[in-house]
Amino acid sequence: MSRFITERLSALTPYTPGEQPKDMVKLLKLNTNENPYPPAPGVAELLNLSESEALRLYPDPDCALFIRAAADYNGVKPENVFPGNGSDEVLAICFLGLCPKGAAFPDITYGFYRVCAGLYGVEATVVPLREDYTVNVDDYSGLQGTVFLANPNAPTGISLPLEEIERLLCQDRDRLVVVDEAYVEFGGCSALPLLEKYDNLLIVRTLSKSHSLAGARLGYAIGRAELIADLNRMRFSFNPYNINRLSLQAGAAALKDADYFRRCRDSIIESREYAMGELRKLGFKVLDSRANFIFAGGHPKISGTEYFRRLRENGILVRHFEGPRTENYVRITVGTRTQMERLVTVTGMILEG
Ligand SMILES: *Cc1c(COP(=O)(O)O)cnc(C)c1O
């Protein structure tokens with residue numbers, strides 16, 4: 001560490017991204033919840049064209065093309081959409097400026113929340129999930145900090161019903177609730193219908209998983225116009241050209257191709273159900289996933305750590321999280337049917353051997 005870093009930040013434990021192996025040929029990569037299918041055909045078409053020449057120009061700071069597409073996709077107005085360089089950036093801006101009384105989130109959830117709270121010096125209340133890994137909304141009653149909930153949650157995949165989100169919003173209408181819907185397209189239920197009734201709700205989305213654009217870094221928030229304006233106040237004070245030209249175009253093209261999106265999503269859901277069923281037959285506990293990953297473990301014969309290691313030895317990379325309630329599980333990204341068949345076959349071999 002240099003002697004130049006701000007003292008408060010010298011103690012930060014940064015987020016650890018899942019491994020991005022260089023040798024993609026050998027490893028089946030099921031560790032960071034990427035979509036196994038390429039982006040919509042329109043995306044490639046557009047990137048090959050004259051857009052590269054336009055790279056000498058700054059992108060549109062208002063992100064109008066992308067915002068219009070995201071608004072149409074969700075049936076809201078452009079004034080309700082805030083654009084981010086990945087939803088991680090949207091979340092970071094929320095921690096930066098929308099947590100005047102701290103933040104609250106589950107003990108087992110997206111690790112970035114804890115990291116971001118640390119970065120901005122936001123006091124965080126960590127609320128344990130129930131024994132069965134579900135969120136107990138009552139545990140948030142009386143907490144004043146901005147609530148961050150991933151729904152479906154990660155890495156469990158469990159979805160919280162809309163009524164529960166509504167109860168959370170009602171507990172304190174002066175407390176903001178940020179619902180991170182990174183995986184909602186794979187079978188969760190969106191809080192979008194609640195926006196009409198509640199101004200203390202902010203929904204965060206990403207194109208990384210649902211629209212095969214993890215590499216483009218595109219996310220957005222949906223909320224009441226005043227809240228979106230506040231987010232923009234911060235964005236224009238931090239990084240006004242936060243989304244590059246190519247990504248703006250790619251995102252708009254991907255969001256507009258509803259048919260392609262549905263086909264890919266449906267295949268992933270089908271592969272998920274197949275893999276969940278097979279892993280259960282092989283003796284794993286598999287939580288009820290509504291996302292594009294499954295959380296499997298609790299096997300009588302093999303620990304989570306060992307299963308992770310043996311899969312890797314056999315060319316399959318999944319994600320393993322340390323910690324008492326997660327270490328006996330692994331998180332497996334749902335790939336194509338063929339990829340899931342390979343996972344099941346290799347798992348069978350590991351258990352026999
Ligand atoms: C992947 C993920 C994100 C980050 O998405 P990006 O848009 O790629 O930054 C946010 N929240 C959750 C819960 C995620 O799993």
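Nothing fancy with the numbering, it's 1 onward along the sequence. For ligands, and for the atoms within them, numbers begin at 1 and follow the listed sequence.
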Check: Does Tyr110 reach ligand 1 with a nitrogen or oxygen that is under 3.5 Å from one of the ligand's nitrogen or oxygen atoms?
Finding: no
Next item on the list: Check whether any N or O atom of Tyr113, backbone or side chain, sits under 3.5 Å from an N or O atom of ligand 1, and answer yes or no.
Entry: no
Checklist line | Gln339 vs Pro36 side-chain heavy atoms within contact, under 4.5 Å | finding: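 Yes, close enough: below the 4.5 Å cut-off.
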Note to self: Please determine whether the number of non-hydrogen atoms from other residues, nucleotides or ligands lying under 6.0 Å from atom CD of Glu313 exceeds 12.
What the structure shows: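 More than 12 heavy atoms, drawn from other residues, nucleotides or ligands, come within 6.0 Å of this atom.
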Check: Quick check: are there more than 12 heavy atoms from other residues, nucleotides or ligands sitting under 6.0 Å from CZ of Arg130?
Finding: yes
Checklist line | Presence of salt bridge, Asp138 and Arg167, under 4.0 angstrom | finding: yes
Notebook entry, point to check: Is a side-chain donor or acceptor of His211 paired with a backbone partner of Phe261 at a separation under 3.5 angstrom?
Noted result: no
Can you find a non-hydrogen atom of [X] under 4.0 Å from ligand 1?
| X | value |
| --- | --- |
| Phe112 | no |
| Asp180 | yes |
| Arg217 | yes |

Quick test: of every protein heavy atom, which one is nearest to [atom], and how far off is it to 0.1 Å?
| atom | value |
| --- | --- |
| atom 5 (O) of ligand 1 | Ser87 OG, 3.0 Å |
| atom 14 (C) of ligand 1 | Lys209 NZ, 3.0 Å |
| atom 15 (O) of ligand 1 | Tyr183 OH, 2.5 Å |

Check: Just checking, any donor-acceptor pair under 3.5 angstrom between side chains of Tyr220 and Asn74?
Finding: yes
Notebook entry, point to check: In ligand 1, which numbered atoms sit nearer than 4.0 Å to a non-hydrogen atom of Ser208?
Noted result: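 This gives 6 (P), 7 (O), 8 (O) as the contact atoms.
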Check: Which of the atoms in ligand 1, numbered in the order shown and given with their element, are less than 4.0 Å from a heavy-atom of Gly86?
Finding: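 Here the atoms of ligand 1 in question are 7 (O), 9 (O).
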Next item on the list: Tell me, please, whether Tyr183 has Arg290 positioned over its six-membered ring: NZ or CZ under 6.0 Å from the ring centre and within 45 degrees of its axis?
Entry: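 Geometry flag: not set, cation outside 6.0 Å or 45°.
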